[in-house]
Number of protein chains: 2
Amino acid sequence: MTFKRMDSAGYLVNHMARLFADGLRRRIAPLGIVPGQFPALLELWEHDGQTQKELVEKLDVEQATLANTLARMERDGLIVRKEHPADARARTIHLTDKARAIRDRAYAAAQETNRAALAALSPEERQQFIELMQRTIETMRRGG
Amino acid sequence: MTFKRMDSAGYLVNHMARLFADGLRRRIAPLGIVPGQFPALLELWEHDGQTQKELVEKLDVEQATLANTLARMERDGLIVRKEHPADARARTIHLTDKARAIRDRAYAAAQETNRAALAALSPEERQQFIELMQRTIETMRRGG
DNA sequence: TATCGTTACATAGTAAGCTATGCAATGATA
DNA sequence: TATCATTGCATAGCTTACTATGTAACGATA
């Protein structure tokens with residue numbers, strides 16, 4: 001028996017993820033950000049001043065991964081961190097003017113990446129694709 | 001305007017890819033291999049003795065990525081490399097007994113990972129999901 | 001046949017993910 | 001209130017991906 005890569009969900013998902021990341025990377029490079037920073041930016045654009053712990057609870061990455069991403073964002077001038085008023089272990093995370101200024105262009109870049117990726121699908125197929133992915137994620141998260 | 005992560009194809013794909021990789025990693029850990037080695041192993045289980053260049057043409061990764069993966073596989077005792085009979089720049093890549101011995105269990109682990117991920121979908125939905133992914137990959141590869 | 005562009009592979013450096021672990025502050029409780 | 005488990009974050013070390021670049025062998029051609 002052989003194993004066909006091109007019919008394996010795991011193989012296809014991995015390949016898609018790399019293509020999506022590359023498409024987003026190219027489109028947001030002019031803004032001075034990279035794909036890994038996108039989830040944290042999305043969350044902070046909506047609610048500035050959260051702690052790392054609060055972000056970890058909302059984004060689906062491990063705490064250590066986010067800690068490293070935030071360190072790069074600080075290095076790149078996208079965020080600053082301030083003392084937490086009530087807990088000396090924690091710090092609140094705040095977007096800089098630079099990060100606020102690129103929000104609309106970043107949204108547009110992400111939407112254009114999605115649009116281009118799904119361009120060959122009908123509106124119904126796109127909707128079903130999204131739902132199939134959501135259900136698959138839900139299954140895997142439960143499945144442990 | 002806000003941007004909903006859970007309705008963004010790119011976000012969902014990234015999340016799925018990490019969940020698939022984690023599921024496969026857990027299932028193949030007893031075999032002494034890791035997910036990144038899987039594509040090269042699949043190809044070598046079918047055609048042993050290929051060069052790195054030949055593998056790069058079949059797997060969808062960059063040459064440098066494969067070079068590093070092959071170095072780890074050699075370190076882990078999965079492959080050995082021999083002089084190419086006609087080209088001193090190239091080397092042919094050969095599976096070890098250890099790598100050959102785990103083939104069937106590795107296939108089973110990958111299939112079980114896919115099965116568990118798609119368990120909530122009907123057979124028709126699974127087939128359509130695979131096709132949607134194949135079409136999306138094709139679109140992105142063309143789109144550049 | 002000497003030169004020189006091309007090819008095959010390796011290496012450096014970075015990002016983004018993971019697990020494991022360390023440390024200081026918090027907070028519960030004996 | 002002194003102790004000690006828990007919490008919030010950082011760090012170390014690894015994998016897997018990328019781009020850019022280096023090196024040696026190949027092969028075409030002047």
Base, sugar-phosphate, or nothing for B:Asn14, non-hydrogen atoms under 4.0 angstrom?
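The answer is sugar-phosphate, as B:Asn14 gets under 4.0 Å only of primed atoms, P, OP1 or OP2.
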
May I ask you to say what A:Arg91 touches in the nucleic acid, namely base, sugar-phosphate or nothing, with a heavy-atom cut-off under 4.0 Å?
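Sugar-phosphate contact only.
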
B:Arg75 side chain N/O closer than 4.0 Å to the phosphate oxygens (OP1, OP2) of D:dT15?
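It does, given that an N or O in the side chain of B:Arg75 lies less than 4.0 Å from OP1 or OP2 of D:dT15.
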
Given D:dA10, is OP1 or OP2 found less than 4.0 Å from the side-chain N or O atoms of A:Arg81?
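Result: yes.
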
Enumerate the residues from residues 38-51 of chain B whose closest heavy atom to DNA chain D is under 4.0 Å, giving them by residue number; use none for an empty result.
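Nothing qualifies; none.
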
Could you note down all residue pairs passing ring-ring contact (aromatic ring centres under 6.0 Å, His included) where residues 26-66 of chain A supplies at least one of them, sequence neighbours left out?
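Residue pairs passing ring-ring contact (aromatic ring centres under 6.0 Å, His included), neighbours aside: A:Trp45-A:Tyr107.
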
So which pairs with a foot in residues 57-91 of chain A pass ring-ring contact (aromatic ring centres under 6.0 Å, His included), sequence neighbours left out?
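Listed by first then second residue: nothing to list.
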
What's the [atom1]-[atom2] distance between [X] and [N], to the nearest Å?
| X | N | atom1 | atom2 | value |
| --- | --- | --- | --- | --- |
| B:Arg72 | D:dC14 | CZ | C1' | 9 Å |
| A:Asn68 | D:dT15 | CG | C1' | 14 Å |
| B:Phe20 | D:dT16 | CZ | P | 17 Å |
| A:Leu24 | D:dC18 | CG | C1' | 15 Å |

Okay, side chain of [X], backbone of [Y]: is any donor-acceptor separation there less than 3.5 Å?
| X | Y | result |
| --- | --- | --- |
| A:Arg126 | A:Leu121 | yes |
| A:Arg18 | B:Asp60 | yes |
| A:Glu74 | A:Ala71 | no |
| A:Arg91 | A:Thr51 | no |
| A:Arg25 | A:Pro35 | no |

Scan nucleotides 23-28 of chain D nucleotide by nucleotide, 5' to 3', and note B when protein non-hydrogen atoms come under 4.0 Å of the base, S if they reach only the sugar-phosphate, - if neither.
--BS--

Residues from residues 52-66 of chain A sitting under 4.0 Å of DNA chain C, heavy atoms only?
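Per residue number, the list reads A:Val61, A:Glu62, A:Ala64, A:Thr65.
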
Would you compute the distance between atom [atom1] of [X] and atom [atom2] of [Y] and round it to the nearest 0.5 angstrom?
| X | Y | atom1 | atom2 | answer |
| --- | --- | --- | --- | --- |
| A:Gln50 | A:His94 | CD | NE2 | 10.5 Å |
| B:Ile79 | B:Arg72 | CD1 | CZ | 11.0 Å |
| A:Lys4 | B:Leu42 | NZ | CG | 12.0 Å |

Which residue lies more 5' along DNA chain D, comparing A:Ala67 with A:Arg18 via nearest heavy atoms
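Its nearest nucleotide being more 5', the pick is A:Ala67.
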
In terms of hydrophobic clusters joined by side-chain contacts under 4.5 Å, are B:Val80 and B:Ile93 together?
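No; tracing contacts between hydrophobic side chains, which count when under 4.5 Å, never links both residues.
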
Is A:Leu78 reachable from A:Val34 through a run of I, L, V, M, F, W or Y residues, each pair having side-chain heavy atoms under 4.5 Å apart?
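Cluster IDs for A:Val34 and A:Leu78 differ.
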
Reading DNA chain C in the 5' to 3' direction, which nucleotide is the first one with an atom under 4.0 Å from a heavy atom of chain A, and which is the last?
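Under 4.0 Å from chain A, the extent on DNA chain C is C:dA15 to C:dT26.
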
Side-chain heavy-atom pair B:Phe3, A:Glu46 within 4.5 angstrom cut-off
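Counting from C-beta outward, B:Phe3 and A:Glu46 never come under 4.5 Å.
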
